[in-house]
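In what follows, every chain begins at residue 1, and chains take the letters A, B, ... in the order their sequences are listed.
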2 protein chains.
Amino acid sequence: MTQGRASFSEQLADDIVQLIRSESLGPGDVLESSRDLAKRFAVTTPTVREALRRLEATGVVELRHGSGTYIGPGLERSVLANPHRPHITRSSVIELVQARLVIEPGIAALAASARDAAALQRLEAAAATALQPPVHGFRPALNFHVELAAASGNGLLRETVEALLHVRASEQTEIRFRYDDRQRDHAEHLEILAAVCDGDGAAAERLTREHLSTIRESLEAADFGEAAP
Amino acid sequence: MTQGRASFSEQLADDIVQLIRSESLGPGDVLESSRDLAKRFAVTTPTVREALRRLEATGVVELRHGSGTYIGPGLERSVLANPHRPHITRSSVIELVQARLVIEPGIAALAASARDAAALQRLEAAAATALQPPVHGFRPALNFHVELAAASGNGLLRETVEALLHVRASEQTEIRFRYDDRQRDHAEHLEILAAVCDGDGAAAERLTREHLSTIRESLEAADFGEAAP
DNA sequence: GTGATCAAGTGATTTAGTCACTTTCATGAC
DNA sequence: GTCATGAAAGTGACTAAATCACTTGATCAC
């Protein structure tokens, strides 16, 4: 069986993606109005809307009421965070740190061997602004880790770290609440940055491991008030 | 600004997720019909459909024409693959292997230290069936790596590996096409399995690294016919 | 110039209805 | 009794035509 024809709106969603690609539209650009899309693909507006909703869920497009449909960052992304993420538990927070502990040290080492000038500059900027308070859900302190992954030169690793950190923003808030030693955090970031700039992969790896271990330990030591939902 | 009220269907999507949670529905269970949902939440069916499409995009639900709406695996997932993934390039394939090279060795070490009996059994089963041909897009050979991540005991790591492997199934097909030494693949899997079962984290880590390095090298050596699109 | 106002364009939602698919269960043949 | 047939009920898929609400930009008064 060829799996038959997919749902109409699913097919349409793919067509719209193809349209975006063929017109080389990037994030921020406006897409055709849903009425025009309906005419173009010979379907009705509700069908177009279903397709757009589907694309909106993965960040490919963004629908702004009264303004238009805009291209989002999701098109070039391979792995993304689930918008309907599960609830927070104590173990999920620790699980997250443990996962990062497995992934990020290797990334730091890779970044040290890559030593891309532009990426290092952004990494330095991220470290510098890490002490600023979060705005609009954007957390400068976490951005350091994303930029570190970006400095590895591997976009997939960057997306992975980004997804992990973005996935459970609320967990991260929790972490920040429990482990709120920003000065130490910042100091450790600077150490990692220095090691990466020196091209010392082993040191970068070790420092990142220690950095995350510190966070994990302080989390395991902390007792969560809402551990039992 | 409090960001106002989100789109109606967005609110509805969250309500449906909450409904699923409150009724403890798991994958495979049927959800209320869209007509009933419309009545329950006092909206019309197209609005319900938009919300369901949104949820469908992230795998939370699955709509089967003529049958009903079923709960999917996406609810408990934190990180997932983008269904509208970018096109394949040569560099993206190598990027994928490189990312796995950073992530998976640490996972193997963690699995060796965890040594969960049930997980190891599934891992062994995955290794045994790895030589079978893929069916319905399910690739037994790749499943070993997913089960290995599962054996680490960290669900987030499992999801991450799963996403990475699922993300670019076509790239993986490409890999299999270029590096089609299944016997060797299988043998290396068995070595990793043995090291994990022995609790030898260092060996498991080293063997996984070598395993992926072998694949990477054979990929870098191969010249892609469709490198220039 | 500056500011308010209005109109056009857009997405958001409703309402009502038709079509297509799947499941089920009663009917009937064997 | 067992199994196939087939109609019916329930479901999602889609259409059609409107109306509402929001954004934007141009227009116009000051």
Side-chain angles (χ1 to χ4, degrees), chain A residues 1-17 19-20 23 25 27-72 74-75 83, chain B residues 1-17 19-20 23 25 27-72 74-75 83:
Chain A
M1 191 188 294
T2 59
Q3 176 59 23
R5 180 187 56 239
S7 151
F8 216 151
S9 74
E10 189 173 346
Q11 176 64 41
L12 184 58
D14 279 339
D15 287 345
I16 293 175
V17 167
L19 175 68
I20 293 173
E23 296 195 349
L25 299 178
D29 292 344
V30 290
L31 190 63
E32 276 183 78
S33 81
S34 46
R35 285 174 177 83
D36 288 347
L37 285 174
K39 270 188 284 188
R40 176 194 283 262
F41 292 108
V43 293
T44 54
T45 40
T47 308
V48 171
R49 295 179 56 72
E50 284 183 25
L52 290 177
R53 288 299 188 202
R54 196 191 288 270
L55 295 177
E56 191 186 33
T58 58
V60 175
V61 301
E62 183 185 350
L63 283 74
R64 295 189 204 152
H65 191 162
S67 176
T69 306
Y70 296 80
I71 310 296
L75 231 196
Chain B
M1 192 188 291
T2 59
Q3 176 57 22
R5 183 192 47 243
S7 149
F8 219 153
S9 74
E10 189 172 347
Q11 176 65 38
L12 183 58
D14 279 339
D15 287 346
I16 292 176
V17 167
L19 174 68
I20 293 173
E23 295 194 350
L25 298 179
D29 292 345
V30 289
L31 190 61
E32 277 182 76
S33 81
S34 48
R35 286 176 179 82
D36 288 347
L37 285 174
K39 270 188 282 189
R40 175 194 283 262
F41 292 108
V43 292
T44 54
T45 41
T47 308
V48 171
R49 295 177 56 71
E50 283 184 26
L52 290 177
R53 288 299 189 201
R54 193 193 289 271
L55 295 177
E56 192 185 32
T58 57
V60 175
V61 300
E62 183 186 349
L63 283 74
R64 294 188 205 153
H65 192 161
S67 175
T69 306
Y70 296 80
I71 310 296
L75 230 196

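- Rounded to whole angstrom, the span from the CG atom of B:L37 across to the C1' atom of D:dA13 amounts to 16 Å.
- For A:R35, there are no side chain to side chain donor-acceptor pair (under 3.5 Å) partners, not counting sequence neighbours.
- Residues of residues 40-57 of chain A having a heavy atom closer than 4.0 Å to DNA chain C, listed by number: A:R49, A:R53.
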Using atom types as modelled, flag every donor-acceptor pair under 3.5 Å from a side chain in residues 58-68 of chain A to any protein atom, sequence neighbours excluded.
residue: A:T58; atom: OG1; partner: A:L55; partner atom: O; Å: 3.2
residue: A:S67; atom: OG; partner: A:Y70; partner atom: OH; Å: 2.5

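- Scanning all heavy atoms of the two residues, the minimum distance from A:A13 to A:R54 falls at CB-CD, 3.9 Å.
- In this structure, A:Y70 places its OH atom 16 Å from P of C:dG9, rounding to the nearest Å.
- Contacts of B:D14 classified as side chain to side chain contact (heavy atoms under 4.5 Å, CB included), with partners at least two apart in sequence or in another chain: A:H84.
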Table of protein N/O atoms under 3.5 Å from nucleotides 8-11 of chain D N/O atoms:
residue: D:dG10; atom: N2; partner: B:G66; partner atom: O; Å: 3.0

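- Each of B:T45, B:T47, B:L31 was scored for a side-chain contact (heavy atoms from CB on, under 4.5 Å) with B:L52, with one residue passing: B:L31.
- Atom CG of B:L12 is separated from atom C1' of C:dT14 by 14 Å (rounded to the nearest Å).
- Each of A:L12, A:L37, A:D15 was checked for a side-chain contact (heavy atoms from CB on, under 4.5 Å) with A:V43, and the lone residue meeting it is A:L12.
- Not counting sequence neighbours, A:D29 has no partner by the side chain to side chain donor-acceptor pair (under 3.5 Å) test.
- With sequence neighbours excluded, the residues that form a side chain to side chain donor-acceptor pair (under 3.5 Å) with A:R53 are A:E56, B:S7, B:S9, B:E50.
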